[in-house]
Amino acid sequence: MSESAVEWPAVGLTLRVDGHEYPVPQVWIGDSLLAVLRERLDLDEPRDGCSIGECGSCLVTLDGRPAAACLVPAVAAADRDVRTPQDAAFEAAREAVVAANASPCGFCAPALTVAITDLLRRNADPGPAAIREALAGLVCRCAESGRWIEAVARAKEAGVGDGGTRGPAGGDSGEMAVLVIEAGETES
Amino acid sequence: MGPDGFGPSGGDGGFGGGAGAAGPAGGHAVPVRSGGSPDGALVFGGEGERPGFELGTFEDDGGEDEIAERSGSAAAGAAGRPGANRAGNGSAAANAPMAMAAADSGSDAAGASWFAGSGTAGVPGVSAPGTPGGSGTAAETTPAPPADAGPPGAASGPAPNPAADQPPIGPGLAGSAVTAARSLFGPQTVVEAVQVLAEHPDAVIIAGGTVAMPDITAGRRHPGTVLTLHRCAELRGWSTGSGEVLLHAGLTLAEMQQRDLRQQVPALNQAVRTVGAPHIRAVATLGGNLVVGPASADLPVVLAALGASVLVASADGVRTVTVSDFYDRDGVPQIAPGELVVGARVPVVEGMQGFMKIGVRGGISRAILSIMLAVDPARRSATCVVGAMALAGLPSGTGRGGLPTLLRADHADRWLAEQVDWDAAAIADPTVYETFGRLVADSLVYGDGSGTLGGGGDPYRRKAVEICARRALLRALPPLGWLDQVRELQKRADFQRAKQRVERAEVERAEQARNQDQ
């Protein structure tokens, strides 16, 4: 950065979003993926909630892993597979969210579909505690969490996450580190 | 434009073709054991049998040769950089023709895959994220690093500067001029990364983006130069050494939860579960967590209690510093411009590890208190570290006073070590728990009592520290005989359950018999 004037160095890149290639001629190197998706590509399903990664409304997947688009530099997303909530992979979860009325105002509904799909891909049969932990990153709260749990159940019935084995690196499985004590022989 | 769609300058991925576009990682390993033999060296991104560099020798000759060779072999992809190619070839010929010849054999395949821009193929150590090590490729082993390696610290001359000859402006899409050449770097190796940092000490380093991007988006930082680390395969994953694990700086928090690592360092998983949402953990990295420091991060607490050390790379080599020394007493990480945190060495200990955290709400949040207790039965010691505990009202002269930092309760640890029955891994005297909690809380009072660092002056936090330390100790080192009692109780409960099962079966059989009679 020169001392006299503020520079806005830019690069051209091609984003691969939902399987389509979008050339973006000039992107400031500090632009977030969220800004590019919404402002340049007009893909507005990732919502711009807090822009600091706290609210989770801008959830997308990067190479199959969930990521907050506001925290990903656009230049770092260029050689990766970006999936927004508009992608067909989240269709079933979207219907489940609608059916359970899990997002009455709709602002966080796209992010919720991504989070639910990601959870079910990691953990095919999550209990309520695992669901709460997995969805804790979405702080939209005009629905009570019971509807979210119902949405996860409906999405599971719809087959979300079937065959989506992602390996052990996927993240939390809801397991807690507990002290296991061998019971020994029972006399029955 | 390469298949990755990176930018204007041909196939080099659009990352400006500066020093960051130097050759692939073949043979460049960041040494992490100073003065050790190559056999025992932990090598970034490679298997144990890969020959390791000695400390401080990775930046010079071999690197230059590699850069030259790659740019030469893929000149078509590096349009607009003839100056760099010439300079590189000249120096390679002058310096080390042997090494160049060695690099020759493997460079074509590697160069092709590198300039194809996939960012992964042909780069040593690339594997599924989190998989330690990586399967070697032909290009990985060819450039014979030990031949170039000198003794530690003997590196002479400045870091190579291949970007100097480059035109700063390249043709962009639709003929537009794009000043990308000096602004954006996506190095694939640590060597390249520290070279870029040496030239651009003010570059904003982005790995996961959870630290830098909010500032950039809000306008608090205006990056003139960005260094992204997401293509740096050497920084991904973790590797196992003898009695320790080496966590690479690019290890994401989500990867810390995988089973292999959890079994060796269970506290990492405990801490990571409290840190963020799954989508934050999937991108946030160890390096970022360490650099942010204990002001808002939890991993420094864990690593400090485990006696881990941080590896910091710069153009001069790699230095190792313990986590406790990595932060000054205001919690500011001691890292100079041009330095890059490349990993942490964590000793593997057998004993119980417990991490606790109190946040501002029930869900995931930043800590207002975090505490970590690690027990090492082999060395008969316990270490308790309290994090996020500074308050305002520090004595003057402490710099950025009032920021949360790490606090160790050393004398409480020492007192505790004498109270423990180490053979039984238990504590005989039940009053030890409360005393330990009080000692830990007391140890947070700083200095002459006029100023307080940590919880000494805050009744809530003081109480919280006391309780958390007591409970952590209770879980780590139970009272003597407690496990036997639990076993006994469990046996009794199992017996009761079995008895009830038998009785239920009898009742059902009786009912069935009655039904059949009717």
Side-chain angles (χ1 to χ4, degrees), chain A residues 1-2 6-7 9-16 21 23 25-26 29-30 32 34-35 51-53 56 59 62 65-68 70-73 75-76 78-80 114-115 118-119 122 132-139 167-173 177 179 181-188, chain B residues 1 4-8 13-14 117-119 128-130 172-174 176 178-180 183-184 186 202 206 208-210 213-214 216-218 222-224 226 228 230 254-255 257-259 266 269-270 273 276-283 363-364 475 483 486-487 490-491 494-495 498-499 502:
Chain A
M1 189 156 65
S2 80
V6 177
E7 289 180 9
V11 292
L13 48 84
T14 300
L15 287 177
R16 205 163 72 246
E21 301 240 328
Q26 291 204 2
I29 55 173
S32 67
L34 178 67
S51 298
I52 57 171
L59 215 53
L62 263 188
R65 286 165 189 278
C70 67
L71 295 183
V72 178
V75 294
D79 50 358
R80 305 208 217 162
V114 177
D118 174 65
L119 165 67
R122 272 200 322 256
R132 283 168 197 271
E133 183 175 344
L135 301 185
L138 305 178
V139 296
D172 56 335
S173 55
L179 178 67
I181 299 170
E182 291 295 327
E185 287 295 311
T186 53
E187 30 184 326
S188 60
Chain B
M1 181 174 295
D4 63 343
F6 256 66
S118 71
L173 285 182
S176 58
V178 177
T179 60
S183 310
L184 180 60
D202 60 338
I206 298 181
T210 56
M213 286 307 288
I216 293 173
T217 306
H222 187 91
V226 164
T228 69
H230 72 285
E255 287 161 6
Q257 296 184 295
Q258 58 191 313
R259 188 172 299 273
N269 179 43
Q270 297 171 16
R273 274 172 62 106
H279 55 265
I280 301 293
R281 286 179 224 153
V283 294
I364 45 186
R475 292 176 194 177
L483 283 183
V486 171
R487 271 191 212 102
Q490 193 152 12
K491 210 183 284 185
D494 283 345
F495 174 72
K499 193 174 155 194
V502 169

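Every chain is numbered from 1 and lettered A, B, ... according to where its sequence line falls, protein lines coming before strand lines.
Only the side chain of B:Thr217 comes within contact range of chain A, with heavy atoms under 4.5 Å apart. Looking at A:Val139, the atoms closer than 4.5 Å to chain B (heavy atoms on both sides) all sit in the side chain, from C-beta outward.
Two residues are said to be in side-chain contact when any heavy atoms from C-beta on lie closer than 4.5 Å; A:Pro73 and B:Met213 meet this criterion. Looking only at side-chain heavy atoms (C-beta outward), B:Thr228 and A:Ile29 stay at 4.5 Å or farther from each other.
To the nearest 0.5 angstrom, A:Leu62 atom CG is 12.5 Å from B:His279 atom NE2.
Taking all atoms of both residues into account, the shortest heavy-atom contact from B:Gly224 to A:Pro9 is O-CG, 3.6 Å. A:Gly30 and B:Pro223 get closest at one heavy-atom pair: CA-CG, 4.3 Å.
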